[in-house]
Number of protein chains: 2
Amino acid sequence: MTERTRRPSAPTIYDIAEKAGVAASTVSRALNKPGRISTETEARIRAAADELGYRLNPMARSLQSGLTGNLALVMSDMTNPVYFDLVRGAERVTADAGCTLLFADSQENVDIELDAAQRLLRVADGLMLVGSRLSDEQILSLSALKPVVTVNRLVDGIPAATAEVEVGVHQAVRHLHELGHRDIVYLEGPSASWMNGRRHEVIAADAAALGMTVTFLDSDGPTIEGGHAAVPRVVATGATAVIAFNDLLAFGLLQGSREAGVDVPVSLSVVGFDDIFGANLLTPPLTTVRSHMRNLGEAAVLALRNAIAGEDERETERPATELIVRGTTGPVAPAGP
Amino acid sequence: MTERTRRPSAPTIYDIAEKAGVAASTVSRALNKPGRISTETEARIRAAADELGYRLNPMARSLQSGLTGNLALVMSDMTNPVYFDLVRGAERVTADAGCTLLFADSQENVDIELDAAQRLLRVADGLMLVGSRLSDEQILSLSALKPVVTVNRLVDGIPAATAEVEVGVHQAVRHLHELGHRDIVYLEGPSASWMNGRRHEVIAADAAALGMTVTFLDSDGPTIEGGHAAVPRVVATGATAVIAFNDLLAFGLLQGSREAGVDVPVSLSVVGFDDIFGANLLTPPLTTVRSHMRNLGEAAVLALRNAIAGEDERETERPATELIVRGTTGPVAPAGP
DNA sequence: CCTAAGATGGCAAGCGGTTGCCAGTCGGGC
DNA sequence: GCCCGACTGGCAACCGCTTGCCATCTTAGG
């Protein structure tokens, strides 16, 4: 057997206590309750701790307090670039608070999601659900265990962080209207997605207010393939513009259109949601509604920490959305009936 | 104060013991040591546990065993799509083992990386470093605390999971050679990246073997911006093809070339590494060397679990690489001297 | 000079499981 | 009929830290 690095068992507060000639409880207080112990004793203890390379055993503390200092995040699909900034923001704020972020991907699968949520909840103080596909009941049952915060989803009695929807959609619909579009398609996301419902509603309302016709088309899934497969059905509607539930769908729409010989943006305008990685790299670059996911991630962590602390859930601010106009939208083709 | 959901303290083995009329130790054994307790007693205990909705308190077990069942993963940049599949694979295998994955992003910053690693190490049984920018010494000092596994990086005495480099590079260089390229550029990644060093070496060797000239150019960073900024210097070398350290650089190269009026692949061929999200969506789609990151993530977890178990570190298999030929490579322009 | 409040530090009981050791029971072999 | 081992299950110590309560000592006020 190879000579491997010895990993001696970590020093405990008892080791420190012995070295400093005090009781373990005194060490604990010296390290955690500022002012509780006399200055010189505390200094002696800290010196001993440093010398021993002491590191607190979080499990022991957790056992006592019931709190782990971990926050869990379960998302529907980490491969979806939408969530990058969200995770970044969440991770950042979590670390700033001295906590650590646990994290799982449900791959758009309810069973996996539920399983991951329950698994993480055992070792975390609370849970954030992003783009959850769980039912309201399932979410409520999770929240019976530990505090739960939903992101871009509203469940009665559960604190939530949501991005504002209206402004971005409003800008997008108006933008299409100004370009002369009157018949548009909304390519739906997953029916279990709360955010999809919101976008659907707001688009319907805005379009109606401007006298535009909207056809709602289901997609196979919020993916590139889903968008690709939807092209024939979109074309069949005769609409001159499509708003897709997300950029992945829009990517697929673009890809499928090219293969089908449909010229974007000349004969079809395409708008996505989220402004994910790559949206500006395509040719033409994608017009899309950006939401500030980073802020959303931060807001979620804040809300969760509030819930864990048992504070009254204050209204969290809703990160804004805005239309980014690029190359996939253009004036409706002059060709008429 | 609003009437909020009661979260009664979770039932313990003592509650079960009382309900089943046995001792707590018997409950513990019934639940964990199959066969140690008589069938009917065990059944009675399990029934009581179910009825109470018992869930083991992992902290308590951890205190005892010193193991948390958490595996930590620190990566240089989670925004980099290369790591998607790696994380997916790692997460999957971790969950299958009944463990949970902790996860942090160092944003290409050594200080953040070290901080995150230390923070996670306190609550995890071991650590995986992906694309680490830490020095060998720093990594060794981490490994003095808990088992550490590096991914795509070799440090003496530290178990590692690495992707195979030779085959993919070999295919790429030969591919360019067959297209008639004789002068090529390698656009370097971060000097602190071990993988960059490997790619550099293998490209140098392969090119030399085929009688090709390679110019090595530094980049500002392994990002789209870095690739974009490098275009003038690449063009200045007079080379007819570039191999970029990763796809992000290649993306930038493509973008910059278009703006500079350099026609890819007619007057410049571009090859990337990793086959990240979006590589096939660009126009032209990117020729790139794919590595099977999912396998790499799985291999890393396996290696880490071995190290934690204290087993002799067996050789882990090295996931293969392969060239994916798409549209950014073409025959060298016939224009000659 | 006596009492009282404040400062300081120790004792010991948990937090929830795990496990070595032991005791009682039971069945079988000689 | 007796001894031994297998089988069951209980006791209690322990993992490392926190904290309520108490004892002691200081210092100040009356």
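Computation of the quantities below employed the complete heavy-atom set of this structure, encompassing side-chain atoms and omitting hydrogens, waters and symmetry-equivalent molecules. Per chain, numbering begins at 1; letters A, B, ... match sequence-line order.
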Subject >> Length of the CG-C1' vector between Leu56(B) and dT18(C), whole Å >> reply: 10 Å
**OP:** Determine, for Arg92(A) against Asp96(A), whether the closest basic-nitrogen to carboxylate-oxygen distance falls under 4.0 angstrom.
**Re:** yes
Original post:
When rounded to the nearest 0.5 angstrom, what is the spacing between CD1 in Ile308(B) and CG in Leu67(B)?
Top reply: 6.5 Å
**OP:** Using whole Å, report how far CD1 of Ile13(B) lies from C1' of dG9(D).
**Re:** 14 Å
Original post:
Quick one: is Tyr14(A) getting a side-chain N or O under 4.0 Å of the dT18(D) phosphate, OP1 or OP2?
Top reply: no
Original post:
Think Asn32(A) has a side-chain N or O under 4.0 angstrom from the OP1 or OP2 of dC17(D)?
Top reply: no
Original post:
Looking at five pairs on each end of the helix from dC1(C)-dG30(D) to dC30(C)-dG1(D), what is the angle between the two axes, given to 10 degrees?
Top reply: 50°
Original post:
So which of residues 37-46 of chain B are in contact with DNA chain C, with a heavy-atom cut-off of under 4.0 Å?
Top reply: none
**OP:** Give a yes or no on whether a salt bridge exists between Asp77(B) and Arg133(B), defined as a side-chain N under 4.0 angstrom from a carboxylate O.
**Re:** no
**OP:** From the options dC15(C), dC21(C), dG17(C), select the nucleotide whose nearest atom is closest to the side chain of Leu63(A).
**Re:** dC15(C)
Original post:
With a 4.0 Å cut-off on heavy atoms, is Ala23(A) in touch with a base, just the backbone sugar-phosphate, or nothing at all?
Top reply: sugar-phosphate
Subject >> Straight-line distance of Leu142(A) CG to Leu134(A) CG, nearest 0.5 Å >> reply: 6.5 Å
Subject >> Test of ring centre spacing under 6.0 Å for Phe84(A) and Phe84(B) >> reply: yes
Subject >> Euclidean distance, atom CG of residue Leu31(A) to atom P of dT19(D) [Å, nearest integer] >> reply: 13 Å
**OP:** Look at all strands and tell whether Thr12(B) reaches a base, only sugar-phosphate, or nothing, counting heavy atoms closer than 4.0 Å.
**Re:** sugar-phosphate
Original post:
Thinking salt bridges, do Asp125(B) and Lys146(B) make one under a 4.0 Å N-O criterion?
Top reply: no
Original post:
Is a side-chain N or O of Thr100(A) found less than 3.5 angstrom from the main chain of Asn70(A), in a donor-acceptor match?
Top reply: no
Original post:
Any Lys/Arg nitrogen of Arg46(B) or Glu42(B) sitting under 4.0 Å from an Asp/Glu carboxylate oxygen of the other?
Top reply: yes
**OP:** Calculate the interatomic distance between Arg122(A) atom CZ and dG17(C) atom P; express it in whole Å.
**Re:** 11 Å
Subject >> Rounded distance (nearest 0.5 Å) linking atom CG of Asn32(A) with atom CZ of Arg61(A) >> reply: 5.0 Å
Original post:
Any side-chain heavy atom of Thr150(B) within less than 4.5 Å of one from Trp194(B)?
Top reply: no
Subject >> Length of the CE-P vector between Met59(B) and dG16(C), whole Å >> reply: 9 Å
Original post:
Which nucleotide sits closest to the side chain of Lys33(B): dT19(D), dT19(C), dT8(D)?
Top reply: dT19(C)
Subject >> Reported OH-to-CG distance for the pair Tyr83(B) and Leu73(B), which is rounded to 0.5 angstrom >> reply: 10.0 Å
**OP:** Ignoring the backbone of Arg29(B), work out which of dC14(D), dT18(D), dG20(C) is nearest its side chain.
**Re:** dG20(C)
**OP:** For Val22(B), answer base if it contacts any base atom (sugar-phosphate contacts may also be present), sugar-phosphate if it contacts only those atoms, and nothing otherwise; contact means non-hydrogen atoms under 4.0 Å.
**Re:** sugar-phosphate
Original post:
Any idea which of dT8(C), dT18(D), dG10(D) is nearest the Ser28(A) side chain?
Top reply: dT18(D)
Every protein N/O lying under 3.5 Å from an N/O of nucleotides 4-6 of chain D:
none

Original post:
Which nucleotide, dT8(D), dG16(D), dT18(D), lies nearest any side-chain atom of Asn57(A)?
Top reply: dG16(D)
Subject >> Nearest-Å distance for atom pair CD/P, residues Glu18(B) and dG9(D) >> reply: 18 Å
Subject >> Whichever of Gly35(B) and Gln64(B) has its nearest DNA chain D nucleotide further upstream toward 5' >> reply: Gly35(B)
Original post:
What distance do Ser132(A) atom OG and Asn152(A) atom CG have between them, rounded to the nearest 0.5 Å?
Top reply: 11.5 Å
**OP:** Grab the CG-C1' distance between Leu67(B) and dC15(D) for me, whole Å please.
**Re:** 13 Å
Subject >> Spacing of Gln118(A) atom CD and Leu120(A) atom CG [to the nearest 0.5 Å] >> reply: 10.5 Å
**OP:** For the side chain of Arg61(B), starting at C-beta, report the closest nucleotide among dT19(C), dG17(C), dG10(C).
**Re:** dG17(C)
